[in-house]
Amino acid sequence: MTRARTLKVILVLVGVLFLASAYPLVTFIREAPAPSMMFSLYVTLGAFLLLAVRNPVEHRSLIAFTAWSSFIHAALMNLQSYLRMIMQEELVAVALLLVIGVALVILAPSKQVGQ
């Protein structure tokens, strides 16, 4: 599988995963409004990642934003877990966000000559 095709597969998987956060968004909207707001960002990001599959080169900044925001989110969740602000079970999300970030950084399309 080529690098470009692998990137497209990753974009689809991450896009669908982020769109799936619409369920907790609706579930938590009354009990935990802050996580619902965060999930709304991920649902939106998921939709745009699916649109980016058509031409990843044109969406380099979106792919970079997704990767680096995943790293930052994972770092903050890890700190919150260390400070016992969130449950240890949520570290699964940290690992997932790190995998997403690493995959997108490695597979991100290179800048085209003349850009």
Side-chain angles (χ1 to χ4, degrees):
M1 189 179 295
T2 68
R3 179 180 170 168
R5 186 149 175 86
T6 304
L7 174 61
K8 289 181 178 185
V9 169
I10 296 296
L11 289 174
V12 168
L13 292 174
V14 173
V16 169
L17 175 69
F18 285 179
L19 276 177
S21 65
Y23 178 76
L25 176 141
V26 173
T27 305
F28 296 150
I29 206 156
R30 289 197 188 265
E31 296 91 32
S36 290
M37 287 189 295
M38 181 196 62
F39 285 127
S40 72
L41 294 174
Y42 277 103
V43 170
T44 306
L45 185 55
F48 278 94
L49 287 174
L50 291 175
L51 292 172
V53 171
R54 291 183 185 165
N55 191 349
V57 173
E58 285 186 7
H59 298 91
R60 288 180 66 245
S61 60
L62 175 70
I63 295 167
F65 173 79
T66 305
W68 291 104
S69 67
S70 294
F71 289 141
I72 298 300
H73 190 159
L76 288 174
M77 284 185 71
N78 194 39
L79 176 63
Q80 288 175 330
S81 174
Y82 176 76
L83 297 174
R84 305 215 185 271
M85 297 169 66
I86 62 173
M87 295 183 293
Q88 294 288 319
E89 292 81 20
E90 293 190 45
L91 288 177
V92 172
V94 170
L96 181 60
L97 288 167
L98 288 174
V99 168
I100 289 169
V102 168
L104 291 177
V105 165
I106 289 171
L107 296 171
S110 60
K111 193 171 189 177
Q112 297 298 316
V113 176
Q115 285 187 338

Cluster question for you: counting only ILVMFWY and a side-chain heavy-atom cut-off of under 4.5 Å, with indirect links fine, are [X] and [Y] together?
{"X": "M77", "Y": "L41", "value": "no"}
{"X": "I100", "Y": "W68", "value": "yes"}
{"X": "F65", "Y": "L76", "value": "no"}
{"X": "I29", "Y": "M37", "value": "no"}
{"X": "V43", "Y": "Y23", "value": "no"}

Which atom names give the shortest non-hydrogen contact between [X] and [Y], and what distance separates them?
{"X": "G101", "Y": "F71", "value": "C-CZ, 3.3 Å"}
{"X": "H73", "Y": "L97", "value": "CG-CD1, 3.6 Å"}
{"X": "S36", "Y": "P24", "value": "OG-O, 4.4 Å"}

Exercise for the section: Look only at the side chain of R60 and the backbone of P109, and say whether a donor-acceptor pair between them is shorter than 3.5 Å. Expected result: yes
Problem - Short side-chain to backbone donor-acceptor contact, S70 and L98, under 3.5 Å - result: no
Taking the side chain as C-beta and beyond, is there a heavy-atom pair between [X] and [Y] under 4.5 Å?
{"X": "V14", "Y": "I10", "answer": "yes"}
{"X": "L7", "Y": "L104", "answer": "yes"}
{"X": "L107", "Y": "R3", "answer": "yes"}
{"X": "V94", "Y": "S81", "answer": "no"}
{"X": "L62", "Y": "L45", "answer": "yes"}

Exercise for the section: Would you indicate whether L13, at its atom CG, is surrounded by more than 12 heavy atoms from other residues, nucleotides or ligands within a distance under 6.0 Å? Expected result: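 Result for CG/L13: enclosed.
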Practice task
For F48, look at atom CZ and say whether over 12 heavy atoms of other residues, nucleotides or ligands are found less than 6.0 Å away.
Solution key: no
Nearest-0.5 Å distance that lies between atom [atom1] in [X] and atom [atom2] in [Y]:
{"X": "H59", "Y": "L49", "atom1": "NE2", "atom2": "CG", "answer": "9.5 Å"}
{"X": "I86", "Y": "N78", "atom1": "CD1", "atom2": "CG", "answer": "8.0 Å"}
{"X": "Q80", "Y": "L91", "atom1": "CD", "atom2": "CG", "answer": "10.5 Å"}

Exercise for the section: If the plane angle is over 60° it's perpendicular, under 30° parallel, otherwise tilted; pick one for F18 and Y42. Expected result: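 F18 and Y42: perpendicular rings.
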